[in-house]
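The structure appears right after this line, and notes come after that.
In this chain, numbering begins with 1 at the start of the sequence shown.
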Amino acid sequence: MQIRDGLRRQAPSATGAMRSPMSAMMLAMFATMASFYVAGRLWQDAQNRVYLIKELDRRTGQGRSAISVDDTLKVVSCRQQGKRLASLEMELAAAKHEGFVGKYTSETNATHSRKKPLVVIGIMTSFGRKNYREAVRKSWLPTGSLLKKLEDEKGIVVRFIVGRSANRGDRFDREIDDENRSTNDFVILDDHIESDEELPKKTKRYFANAAETFDAEFYAKVNDDIYINVDTLSAMLETHWDKPRVYIGCMKSGEVFSEATHKWYEPDWWKFGDGKSYFRHASGEMFVVSRAVAQFISINRSVLRTYAHDDVSVGSWMIGLAVKHVNEAKLCCSSWPSGAMCSAL
């Protein structure tokens, strides 16, 4: 009896011993599954946060990309060029709205097999100065077929620049029209009234007209009492082909005169400061600008300020632009420098 009772007392403990490992195993499995579940939820939440952060950056424009410094500079440069292009398109649209119409197109260029002109030379003249024009034609400017040969072989286009009379169609206009029919060497600015006081505006209109009509490398302005050595000028300009924005001339400065009786009186003298000194600019007898500068004048002619004198006016347009000023002593026409390209007639 004691033995049986002992066996009966031991049986429950053995069964508990068997059940205990099974419970531990179940508990471990449950813990493992719970761990996987929690880890999965944490991983999913992390992925959701990453997605939301990227989406937020994309929509707010604050995202960062892993690109090199060179790539970053290229992106910045492209953005700057895009802004510049947008600005130029706005300026061109405004110019067209005010009457800008390009006269020189690729189709007209294809029609003529000749190469692009090297330089367009505009000779500023006016009514009553036929004797000066004849002196130019007899000294350095060829006429007739030789003028055409100068354009085709040397790429040098030369025209006298004149406006219209305040009394449209009067004797002055008729004389210019008759002379032009004979010589065919004029550009007549129909939208300009000829007068000495309007010379700065005439110079601006000349550059605008020349840039629209001729696709040349350079554009020169010269007075009708100046002699030019076109071969020397051509050789000089060929040395500046590598400068896209250039302003060439006999550079000078000088006093701004505030006395109304003075020959060189400047009504806007007060704009030049207490020192009353002009900024650096090329002499008005003759100077040259590159194609990009002439196109800038053409596009912005409606907003470019003019002063009492055309050389000062052109010099003011160069301020603030990335233009290279070239002080060319050979264009100091009045002083007859060694190897001069120009001189007073």
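Using a 4.5 Å cut-off on side-chain heavy atoms (C-beta onward), Leu118 and Ser234 make contact. With contacts defined as side-chain heavy-atom distances shorter than 4.5 Å, the pair Glu266/Phe272 qualifies. For the pair Thr183 and Arg133, the minimum side-chain heavy-atom distance is 4.5 Å or more. Contact annotation: the side chain of Arg280 approaches that of Asn327 to within less than 4.5 Å [non-hydrogen atoms, C-beta and beyond]. Between Val162 and Phe172 the shortest side-chain heavy-atom distance does not fall below 4.5 Å. Considering only heavy atoms from C-beta on, Leu233 stays 4.5 Å or farther from Asn229 through its side chain. Residues Ile176 and Phe160 have side chains not in contact (no heavy-atom distance under 4.5 Å, counting atoms from C-beta outward).
Here the closest heavy-atom approach between residue Pro200 and residue Ala308 is recorded as CG-O, 3.7 Å. Of all heavy-atom pairs between Gly122 and Tyr206, the closest is N-OH, 3.0 Å. Residue Arg301 comes nearest to Lys204 through the heavy atom pair O-NZ, 2.9 Å, listed as atom of the first residue, atom of the second, then distance. In plain terms, the two heavy atoms of Tyr247 and Met251 that are nearest each other are O-CE, 3.3 Å. Scanning both residues, Met341 and Thr232, for their nearest heavy atoms gives CG-CG2, 3.5 Å. In terms of heavy-atom proximity, Trp140 sits nearest to Ile226 at NE1-O, 3.3 Å.
One N or O on the side chain of Asn300 and one on the backbone of Phe296 form a donor-acceptor pair closer than 3.5 Å. Proximity of a side-chain donor or acceptor of Asn180 to a complementary backbone N or O of Phe186 within less than 3.5 Å is detected. When atom types are taken as modelled, the side chain of Arg291 and the backbone of Ala216 share a donor-acceptor pair closer than 3.5 angstrom. Under the 3.5 Å distance criterion, the side-chain polar atoms of Ser298 are left unmatched by any main-chain donor or acceptor of Ala294. The closest donor-acceptor contact from the side chain of Tyr219 to the backbone of Phe214 lies under 3.5 Å. With hydrogens and angles disregarded, no donor-acceptor distance shorter than 3.5 Å links the side chain of Thr213 to the backbone of Ala210. Although no hydrogens or angles enter the test, the distance criterion places no donor-acceptor pair under 3.5 Å between the side chain of Thr306 and the main chain of Ser313.
Within 6.0 Å of the NZ atom in Lys149, the count of heavy atoms belonging to other residues, nucleotides or ligands does not exceed 12. More than 12 heavy atoms of other shown residues, nucleotides or ligands fall within 6.0 angstrom of atom OH in Tyr227. Residue-environment remark: CG (Asp190) exceeds the threshold of 12 foreign heavy atoms within 6.0 Å. When the shell of 6.0 Å around CG of Asp178 is examined, it contains more than 12 heavy atoms from other residues, nucleotides or ligands.
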* Asked: Would Leu237 and Ile248 satisfy side-chain contact (heavy atoms from CB on, under 4.5 Å), going step by step from the backbone distance to the final call?
  -> CA-CA 9 Å; Leu237 292 178; Ile248 311 170; 4.1 Å; yes
* Taking it one step at a time, do Asp311 and Lys252 satisfy side-chain contact (heavy atoms from CB on, under 4.5 Å)? -> CA-CA 10 Å; Asp311 52 356; Lys252 63 176 184 176; 3.5 Å; yes
* Is there a side-chain contact (heavy atoms from CB on, under 4.5 Å) between Lys154 and Asp231 once you walk through the steps? -> CA-CA 9 Å; Lys154 296 187 178 182; Asp231 291 329; 2.7 Å; yes
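With respect to Asp185 and Arg137, a salt bridge is recorded, a charged nitrogen being found less than 4.0 Å from a carboxylate O. Look at Glu175 and Lys130 and you find no salt bridge, because none of the NZ, NE, NH1 or NH2 atoms lies under 4.0 Å from a carboxylate O. Using a 4.0 Å cut-off between charged nitrogen and carboxylate oxygen, Arg159 and Glu151 count as a salt-bridge pair.
Between atom NZ of residue Lys221 and atom CG of residue Asp310 there is a gap of 4.0 Å, rounded to the nearest 0.5 Å. Put simply, CD on Glu238 and CZ on Phe218 are 9.0 Å apart, with the number rounded to the nearest 0.5 Å. In this structure, CD1 in Ile123 is found 8.0 Å from CG in Asp224, a value given to the nearest 0.5 Å. One finds the OH atom of Tyr265 at 9.5 Å from the CD atom of Glu259 (value rounded to the nearest 0.5 Å). One distance of note links CD1 of Ile297 with CG of Leu321; it measures 9.0 Å at 0.5 Å rounding. Between the CD1 atom of Ile161 and the CD1 atom of Ile121 there is a distance of 11.0 Å, given to the nearest 0.5 Å.
Linking Ile, Leu, Val, Met, Phe, Trp and Tyr whenever their side-chain heavy atoms come within less than 4.5 Å puts Val256 and Ile319 in one cluster. Residues Leu304 and Leu189 share a hydrophobic cluster, clusters being chains of Ile/Leu/Val/Met/Phe/Trp/Tyr side chains in contact below 4.5 Å. Both Leu331 and Val326 belong to a common hydrophobic cluster when Ile, Leu, Val, Met, Phe, Trp and Tyr are linked at side-chain heavy-atom distances under 4.5 angstrom. In this structure, Tyr132 is not a member of the same hydrophobic cluster as Leu147, with clusters built from ILVMFWY side-chain heavy atoms closer than 4.5 Å. Hydrophobic cluster membership is shared by Met286 and Val230, with clusters built from Ile, Leu, Val, Met, Phe, Trp and Tyr side chains linked at under 4.5 angstrom.
Side-chain contact of Glu194 with Ser126: a donor-acceptor pair under 3.5 Å is absent, judged by distance alone.
Checking Asp170, Asp191, Asp177 one by one against Arg164, the salt bridge (Lys or Arg N to Asp or Glu O under 4.0 Å) holds for a single residue, Asp177.
Ring-plane geometry between His309 and Tyr278 is classed as perpendicular, the angle between the planes exceeding 60 degrees on a 0 to 90 degree scale with a lower cut at 30.
Arg305 forms a cation-pi arrangement with Tyr307, by the criterion of a distance under 6.0 Å to the ring centre and an angle within 45° of the ring axis.
Cys pair Cys250/Cys333: SG-SG separation is not below 2.5 Å.
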